[in-house]
Amino acid sequence: MYREFKREVESLLKLALEEASYECSSLELEQSEHADISSRVAFTLATRYRKSPDSIASDIVRHICIPSTDQTLIADVVAMGPYINFYVNDTFLNATLQRIIEGTTRRKDTRDIKIIVEHTSANPDGPLHIGHLRNAIIGDALARVLVRSGYRVETHYYVNDMGRQVAVAVWGASRFGLSTEKKGDHAVVDAYIAANRLLESEAKYQSEVETLMQRYEKGDVEVMKQYEVVVQRCLAGIKASLQRLNIKHDHFIFESRFVRSGDVERIIEELKQKGDIKYEGSAVMLRLEGIEKELVIQRTDGTSLYTTRDLAYHRWKSERCDRMIDVFGKDHELVSQQLREALILLDVKVLPEFVIFEFVSLPSGSLSTRAGRYISADELMDKIEARAYEEVDKRRGDLSAAKKREIARIVGIGALRYDMVKVSPDKHIMFDLEGALDIEKKGAPFIQYAHARACSILRAASERGITASESADLDLLRANSEVALIKKLSMFEYMVDNAAYELKLHPVARYARELAESFNIFYKDCPVLNTSEELREARLVLVECTKRILGDVLSVLGIEAPEEM
RNA sequence: GGGCCCGUGGCUUAGCCAGGAUAAAGCACCGGCCUUCUAAGCCGGGGAUCGCGGGUUCGAAUCCCGCCGGGUCCGCCA
């Protein structure tokens, strides 16, 4: 509803500026603690028209005419010094609640734009670790935000099955076997680590790995079968981990398909024609506009490279969507620029947009699957759920063990997901396990708790045979904490649209926390069940609306909303 | 060496792109609040020359230049 309010303010302000004959390019509207929306346009005009900002502001306000219809959402506009402050009216507050109750805030497929979001895409050589988790959680939440904002979204996991790493894992599996006891990804990583150790000490095995890669690229049936077993077992494990996190990809795209289909070959030929090419022996390098480092597109032995296969994948994607977004770690930044430039060269119309996030490192140093220096996502989830269980057990001894486990799962995974999206992606994260286990008070559990409280009130009401009624008199909701809460509720769609536009999630995480906070203050201030009948009906509507939006904002972040905790 | 990112109370961050109203939160710390819908809560308090130095501006955490500290990339790896 905030969006509608802002639009009305924009049109009124624009009109007033015309009538007062001021010209400016921007209305300079901003959210403010002093008003529901505020314009500082008077500052800009002051320089040009050589008048004091204060007098310009009051001049503009004199020209603003708030319509007297019952459609308007604006109660008042005042000049506070140089600022022009707008305030919402009762229509706005009531309409906010009505729209939530009617469910008209949902905007499914309203944009008719299809976006492919690629995320996670960890090599199938072992389990996911914290670094992959940041990628997966950002990617998944981004996809959810985009869906909620009205886009059609498809999520991809790009499987690098042709790289050296996987070849090493396959080689290791054939030499050491794969544990049948362990979860697939953990079984594969054992073989992978053992293989790396052996390869480091005895160089003679290197050629065996290379042979394996060449045979796989050529489509050797026997080698393909070997790969199939290893990759599928590993992916099965990875999928299971992702499922625990509430993450599911629509498609797993194997890079090998682009080699086998001849697409990679075609790309290389086209680049040779269109690009600034340099040969070094039989290797082919491509010079790209504005990038110092040239890109190798074909190796001396004629086999393909990751970037070339990725080019084929992106061109293929571009024919299937209107926009594509790749979630990449910071280490892929240069690659992403090369990718983009090469795609332009290939005349691809839909270019990838990149969401780049900074690294996650351990106090002991950077992460390395190869060296076995990582905390697996599974281990982390186990620990965090166990920690959450202690907390639930302490507070809710009355519940069954199964119920407590369920709540611990929701709270633990929620806390993990929230931690990953609450900060800007370009902030480096030093991962500290103890810190993560110490479930932050104002993180996901805080928001989930507010949701559980809302549910608890509604449950108690329905036990007494009272439900949120449509005939409730919403004009009764005018206590400070009630108004503050309704205003927060009105911001939800606006926040989501903004996040979808900026491709940034942390403002949504922040909003979720603020909404929970507003509800907690209301909860303290305003008894719902224990008050007059009219007020009770109205407050139940507010509680119902808050429960829905809390549930919605959590769901946009991929976090479950418990009914009790 | 070059590119990119980060540097805001003891700790973790928001605000920076589109400069303006007392620099905003959380954790930690101190003090209050459970005979009323879950205290994973609420209320109050102390604590920051926004890394440093210049510049632009009526006005700079925000823009520009130069430093300093930290990270990362610069493979015929992915």
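So you know, we letter chains A, B, ... as the sequences are listed, proteins then strands, and number each from 1. Every heavy atom of this structure was used, including side-chain atoms; hydrogens, water molecules and symmetry mates were not.
Here the P atom of nucleotide rC16(B) and the CG atom of Asp426(A) are 12 Å apart, to the nearest Å. Met495(A) has its CE atom 11 Å from the C1' atom of rA14(B), to the nearest Å. Atom pair Arg453(A):CZ and rC37(B):P shows a separation of 10 Å (rounding to whole Å applied). Summarising the geometry, the separation between CD1 on Ile356(A) and P on rG3(B) is reported as 18 Å, rounded to the nearest angstrom. Atom-to-atom, CG of Asn530(A) to P of rU35(B) comes out at 15 Å; the value is rounded to the nearest Å. One interatomic measurement links the two molecules: CZ of Phe519(A) to P of rA39(B), which rounds to 11 Å at whole-angstrom precision. Whole-Å rounding puts the Glu563(A) CD to rA40(B) C1' distance at 17 Å.
Using a 4.5 Å heavy-atom cutoff, the side chains of Leu380(A) and Ile130(A) are in contact. Contact check for Lys51(A) versus Asp59(A): side-chain heavy atoms found under the 4.5 Å cut-off. Annotation: side chain of Cys24(A) is in contact with side chain of Leu17(A) (closest heavy-atom distance under 4.5 Å).
With the 3.5 Å cutoff on both pairing distances, Watson-Crick and G-U pairs in RNA chain B assemble into runs of at least 3 at B:1-7 with B:68-74, B:10-13 with B:24-27, B:29-33 with B:41-45, B:51-55 with B:63-67.
A donor-acceptor pair is defined here as one N or O able to donate and one able to accept, closer than 3.5 Å; no such pair exists between the side chain of Asn123(A) and the backbone of Val166(A).
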May I have the step-by-step check of side-chain hydrogen bond (donor to acceptor under 3.5 Å, both in side chains) for Asp426(A) and Ser424(A), ending in yes or no? CA-CA 5 Å; Asp426(A) 34 43; Ser424(A) 156; 2.6 Å; yes
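For Val423(A), whose side chain is taken as the heavy atoms from C-beta onward, the closest listed nucleotide among rA14(B), rC37(B), rG26(B) is rA14(B). The side chain of Pro445(A) lies closest to rA40(B) when the candidates are rG20(B), rA40(B), rA78(B). Nearest nucleotide to the side chain of Tyr83(A), out of rA21(B), rA40(B), rG41(B): rA21(B). Of all nucleotides listed (rC76(B), rC37(B), rC58(B)), rC37(B) comes nearest to the side chain of Val528(A). Ranking rA78(B), rG20(B), rC37(B) by closeness to the Arg40(A) side chain, first place goes to rG20(B). Set against rC37(B), rA40(B), rA78(B), the side chain of Asn160(A) has rA78(B) as its closest nucleotide. Taking the side chain of Glu358(A) as heavy atoms from C-beta on, and the options rC37(B), rG71(B), rC74(B), the nearest nucleotide is rG71(B). Closest approach to the Glu280(A) side chain among rC37(B), rC73(B), rC76(B) is made by rC76(B) (side chain taken as heavy atoms from C-beta onward). When each of rG41(B), rA40(B), rA14(B) is scored by its nearest atom to the side-chain atoms of Arg510(A), the top-ranked nucleotide is rA14(B). Taking every side-chain heavy atom of Glu502(A) into account, rA18(B) is the closest of rG26(B), rA18(B), rA40(B).
Both Asn85(A) and Glu333(A) sit near RNA chain B, but only Glu333(A) has its closest nucleotide nearer the 5' end. Along RNA chain B, the nucleotide closest to Ser32(A) and the one closest to Gln165(A) are compared, and the more 5′ of them pairs with Ser32(A).
Stacking between Tyr523(A) and rG41(B) is absent: the aromatic ring centre is not both under 5.5 angstrom from the base six-membered ring centre and within 30 degrees in plane angle. A distance cut-off of 5.5 Å between ring centres, combined with a plane angle under 30°, leaves Tyr449(A) outside any stacking arrangement with the base of rG41(B).
With its glycosidic angle more than 90° from 0, rC6(B) is assigned anti.
Cys526(A) comes within contact range of at least one nucleobase, with a heavy-atom separation under 4.0 Å. As judged by a 4.0 angstrom heavy-atom cut-off over every strand, Leu305(A) is placed among residues touching the sugar-phosphate backbone only. Counting non-hydrogen atoms under 4.0 angstrom, Val166(A) reaches nothing in the nucleic acid. Residue-level contact check: His506(A) touches the backbone only, with heavy atoms under 4.0 Å from sugar-phosphate atoms and none from bases. Using a 4.0 Å heavy-atom distance criterion, Lys427(A) is classed as a sugar-phosphate-only contact. Among the atoms of the strands shown, only primed sugar atoms or phosphate atoms (P, OP1, OP2) are found under 4.0 Å from some heavy atom of Phe446(A). As judged by a 4.0 angstrom heavy-atom cut-off over every strand, Ser26(A) is placed among residues making no nucleic acid contact. If you check every strand for non-hydrogen atoms under 4.0 Å, Arg513(A) touches sugar and phosphate atoms only. Residue contacts shown for Val284(A) are absent, as no nucleic acid heavy atom lies under 4.0 Å away. Within the nucleic acid shown, Ala452(A) comes within 4.0 Å of at least one base atom, counting heavy atoms only. Within the 4.0 angstrom heavy-atom criterion, base atoms lie near Glu33(A). At a threshold of 4.0 angstrom between heavy atoms, the contacts of Glu28(A) with the nucleic acid are absent. Across all strands, Arg536(A) comes closer than 4.0 Å to no nucleic acid atom at all (heavy-atom distances). Across all strands, Arg395(A) comes closer than 4.0 Å to base atoms (heavy-atom distances).
With hydrogens and angles left out, the side-chain atoms of Asp326(A) and His332(A) include no donor and acceptor closer than 3.5 Å.
Screening residues 34-46 of chain A for salt bridge (charged side-chain N to carboxylate O under 4.0 Å, His left out) gives Glu28(A)-Arg40(A), Glu30(A)-Arg40(A), Asp36(A)-Lys487(A) as the qualifying pairs, with residues at least two apart or on separate chains.
The aromatic rings of Tyr205(A) and Trp171(A) lie tilted to each other, with the angle between the two planes from 30° to 60°. The aromatic rings of Phe258(A) and Tyr158(A) sit tilted, their planes meeting at an angle between 30° and 60°.
For the C1' atoms, the distance linking rA78(B) with rC68(B) amounts to 35 Å, nearest Å. rC27(B) and rC43(B) are spaced 12 Å apart, taking the P atom of each and rounding to whole Å. With both ends at atom C1', the span from rG19(B) to rA61(B) equals 10 Å, rounded to whole Å. Between rU8(B) and rG32(B), the two C1' atoms lie 31 Å apart (nearest whole Å). When the C1' atom is compared between rC30(B) and rU38(B), the two are found 27 Å apart, to the nearest whole Å. Comparing the same atom, C1', in rC63(B) and in rC16(B) gives a spacing of 10 Å after rounding to whole Å. Only the P atoms considered, rG46(B) is 25 Å distant from rA14(B), to the nearest whole Å. Across the P atoms, rA28(B) and rU62(B) are found 31 Å apart, a figure rounded to whole Å.
A salt bridge does not link Glu10(A) with Arg7(A): none of the charged nitrogens is closer than 4.0 Å to a carboxylate oxygen. The existence of a salt bridge linking Glu200(A) and Arg197(A) is excluded, since no basic side-chain nitrogen approaches an acidic carboxylate oxygen closer than 4.0 Å.
For the pair Arg453(A) and Phe519(A), the cation-pi test (distance below 6.0 Å, angle within 45°) is failed.
Taking only side-chain nitrogens and oxygens, Arg309(A) comes nearer than 4.0 Å to OP1 or OP2 of rA78(B).
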